[in-house]
Amino acid sequence: MPFIGSKSEGRRGAMKVMLVGDPGEQRTQLKTVLAALAEPELEIIEGETATAANLSQNVAAPADVTLVIVNGNEEAALSFLQSQSLHSPRPSLLAVLAARSAGLMKRALRSGADEILFMPLDPGEATRALLKISEAHWRTERRQGGVVISVTSLVGGVGVTSLAADLALALESLHQTVALVDLDLQTGGLAVFLNLDPEVTIMPLVRLERKLDSIQLESALTKHQSGVYLLAAPKRIEEGELVSDITVGTVLDLIRQLFDYVIVDCGDHVDENAVAAWERSDHLFYVLNQSIAAARCAWRFIDLFERLDLTRLEPRFILNRYNPSHPLTEKAIEATLAKSISAKIPTDDRTFESIEMKAQNLFQLAPSSPVARAMLDLAALVMPHTEPAPAPETFMSRLKSAFTTH
């Protein structure tokens, strides 16, 4: 199945759709078409008829979407649309018109309609409008909770895993609760980098999918000595093929409710699992180094990402193992990609060799190193910015203010 344009279903339930309008052939046809739609899954609710009295007294409908038939009693229907548009929260409002009148379309939109449909209702148009609303609602729901950060690349050896792990450690050192999710399912590098041997991996969650709860998820996590938690890749390479985008979506939707930050190591390839993670991400970091191969792959990634049409997510490019004297400069890479470099992580082979030999992490071994400072700067990019509290006024500052204002 091609992953481009695919959508993970996560744990969405049926979307409640209320029909409002006079009973008759048009309303029957509308209900018949909606009931036959393959997706999104709908629960159809019968609303009030379109008499002036009913519509004027109708309160906010307990639905995700309200379809209002604007035919015959147009003034009452438009008045109802306007009254519903003032509620907060309110359902999405779709006006269903019997005539393709530009004037009536304009009035419906000005009355608060979010979309316009026409009778007889076309199934394709209905699907398009309802899927658009469904996806918008889903994006809003899944953004509740912690911040999800995906780290990825299209070329190996640039340090995706080390950057993901060190970013998690940086955030934890700033007193945030952090989880790492290893979607580099064949390599499983996060456990190795963190010097962990997890007893449990993501595999017990594969069978649960939509029935997953927080207790089951927590039982699959391994705690690192730093306080960071890891959801590890499968122990066996072949088991990685059993992890689906539905599993990934369900896990991320739930795990973000338990942690301030969730960092996903997507590895150096793109598949449906990676796209499912990107769809749920608040930040996407693409990692490259100062090599022609990495720059070319980054350009290919930009082309791919644009075709995925994840419009609310803008990738940030991280230049890892940066060497200012390298012949392939930061400016040359930015010119090639037509994108700016958001952060540079300096090269420091000696520090990383010590980390590996001593089985310690960056913030234990070298918390004041240039690499550690760069990782803290990167963590600052994803943390909310707060204005510093104003310093308390002293007697002299008040006296000075009094003189300068006169």
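Any value given below was found using the heavy atoms of this structure, including those in side chains, with hydrogens, waters and symmetry copies removed.
- Formation of a donor-acceptor pair under 3.5 Å by the Gln216 side chain with backbone atoms of Leu205 is not found in this model.
- The main-chain N or O of Ala332 is found under 3.5 Å from a side-chain atom of Thr336 such that the two form a donor-acceptor pair.
- Residue Arg128 qualifies as enclosed at atom CZ: its count of foreign heavy atoms under 6.0 Å is above 12.
- Contact annotation: the side chain of Asp64 never approaches that of Val17 to less than 4.5 Å [non-hydrogen atoms, C-beta and beyond].
- Between the side chain of Arg256 and the main chain of Gly145, no donor-acceptor pair closer than 3.5 Å is present.
- For Val248 against Ala276, the heavy-atom pair with the smallest separation is CG1-CB, 4.1 Å.
- Atom CD of Glu330 is separated from atom OG of Ser340 by 9.0 Å, given to the nearest 0.5 angstrom.
- Atom CG of Leu81 and atom CG of Leu86 lie 11.0 Å apart (nearest 0.5 Å).
- Here the CD1 atom belonging to Ile202 is positioned 9.0 Å from the CG atom belonging to Leu217, to the nearest 0.5 angstrom.
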Checking side chain to side chain contact (heavy atoms under 4.5 Å, CB included) for the pair Leu93/Ser85: CA distance, chi angles, key distance, verdict?
CA-CA 8 Å; Leu93 300 172; Ser85 69; 4.1 Å; yes
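- Contact of the Phe259 side chain with the Leu221 side chain is registered, since non-hydrogen atoms from C-beta on lie closer than 4.5 Å.
- Closest approach of Gly189 and Asp182 over heavy atoms only: N-OD2, 3.4 Å.
- Qualifying side-chain contact (heavy atoms from CB on, under 4.5 Å) partners for Met119, counting only residues two or more places apart in sequence or in other chains: Gln26, Gln29, Leu30, Val96, Leu121.
- Not a single donor-acceptor pair under 3.5 Å links the side chain of Arg321 to the backbone N or O of Thr347.
- A salt bridge links Asp253 with Arg280: the distance from a Lys NZ or Arg NE/NH1/NH2 to an Asp or Glu carboxylate oxygen falls below 4.0 Å.
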Indicate every side-chain donor-acceptor pair of residues 158-170 with a distance under 3.5 Å to a residue at least two apart or in another chain.
residue: Thr161; atom: OG1; partner: Asp265; partner atom: OD2; Å: 2.7
residue: Ser162; atom: OG; partner: Gly159; partner atom: O; Å: 3.1

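- Other residues, nucleotides and ligands contribute more than 12 heavy atoms inside 6.0 Å of the CG atom of Leu174.
- Shortest non-hydrogen contact noted between Leu78 and Ala108 is CD2-CA, 3.7 Å.
- How far CG of Leu319 is from CG of Asn289: 7.5 Å, rounded to the nearest 0.5 Å.
- Atom OG1 of residue Thr177 and atom CG of residue Asp260 lie 3.0 Å apart, to the nearest 0.5 angstrom.
- Proximity of a side-chain donor or acceptor of Ser281 to a complementary backbone N or O of Leu284 within less than 3.5 Å is not detected.
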Could you pull out all donor-acceptor pairs under 3.5 Å where a side-chain atom in residues 226-237 meets a protein atom, sequence neighbours excluded?
residue: Ser226; atom: OG; partner: His224; partner atom: ND1; Å: 2.8
residue: Ser226; atom: OG; partner: Val228; partner atom: N; Å: 3.3
residue: Lys235; atom: NZ; partner: Pro198; partner atom: O; Å: 2.5

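- Taking 4.5 Å as the limit, every side-chain heavy atom of Asp245 sits out of range of all side-chain heavy atoms of Val275.
- Taken from CG in Leu104 to CD in Glu74, the straight-line distance is 5.0 Å, to the nearest 0.5 Å.
- Residues meeting the salt bridge (Lys or Arg N to Asp or Glu O under 4.0 Å) test with Asp303, sequence neighbours left out: Arg307.
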Pair up each side-chain donor or acceptor in residues 362-379 with any protein partner under 3.5 Å, not counting sequence neighbours, and list the distances.
residue: Gln364; atom: OE1; partner: Gln225; partner atom: NE2; Å: 3.3
residue: Gln364; atom: OE1; partner: Asn361; partner atom: N; Å: 3.0
residue: Gln364; atom: OE1; partner: Asn361; partner atom: ND2; Å: 3.4
residue: Ser369; atom: OG; partner: Ala366; partner atom: O; Å: 2.8
residue: Ser369; atom: OG; partner: Ala372; partner atom: N; Å: 3.2
residue: Arg373; atom: NH1; partner: Ser368; partner atom: O; Å: 2.5

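- Among all heavy-atom pairs drawn from Ala295 and Leu288, the shortest one is CA-CD1, 4.4 Å.
- Aromatic ring orientation, Phe317 versus Phe301: perpendicular (interplanar angle above 60°, classes split at 30° and 60°).
- Shown here for Val243 and Asn273, the closest heavy-atom pair between the two residues is O-ND2, 3.1 Å.
- Side-chain atoms of Gln290 come within 3.5 Å of backbone N or O of Leu328 as a donor-acceptor pair.
- In this structure the side chain of Ile133 never reaches within 4.5 angstrom of the side chain of Asp114, judged on heavy atoms.
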From CA spacing to verdict: side chain to side chain contact (heavy atoms under 4.5 Å, CB included), Ser214, Leu258
CA-CA 8 Å; Ser214 60; Leu258 307 178; 4.1 Å; yes
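- Salt bridge absent: Glu218 and Lys223 never bring a charged side-chain N and a carboxylate O closer than 4.0 Å.
- Every residue was checked against the ring-ring contact (aromatic ring centres under 6.0 Å, His included) condition with Tyr322, not counting sequence neighbours, and none meets it.
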Step by step, work out the side chain to side chain contact (heavy atoms under 4.5 Å, CB included) result for Glu75 and Arg107.
CA-CA 10 Å; Glu75 294 304 324; Arg107 292 181 65 197; 2.6 Å; yes
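- Inter-residue side-chain proximity for Leu19 and Leu34 is flagged as met; some heavy-atom pair is nearer than 4.5 Å.
- For Ser153 and Asp268, the side-chain atoms include no donor-acceptor pair closer than 3.5 Å.
- Taking 4.5 Å as the limit, some side-chain heavy atom of Leu180 sits within range of a side-chain heavy atom of Leu194.
- In this structure, Val206 and Met203 have side chains that are in contact, with non-hydrogen atoms separated by less than 4.5 Å.
- Counted within 6.0 Å of CD on Glu238, heavy atoms from surrounding residues, nucleotides or ligands total more than 12; the atom is thus considered enclosed.
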Test log, rule side chain to side chain contact (heavy atoms under 4.5 Å, CB included), inputs Asn71 and Asp22
CA-CA 8 Å; Asn71 183 33; Asp22 289 329; over 6 Å; no
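- The shortest distance between side-chain heavy atoms of Trp278 and Pro315 does not fall below 4.5 Å.
- The two residues Leu154 and Tyr286 have their closest heavy-atom pair at N-OH, 3.0 Å.
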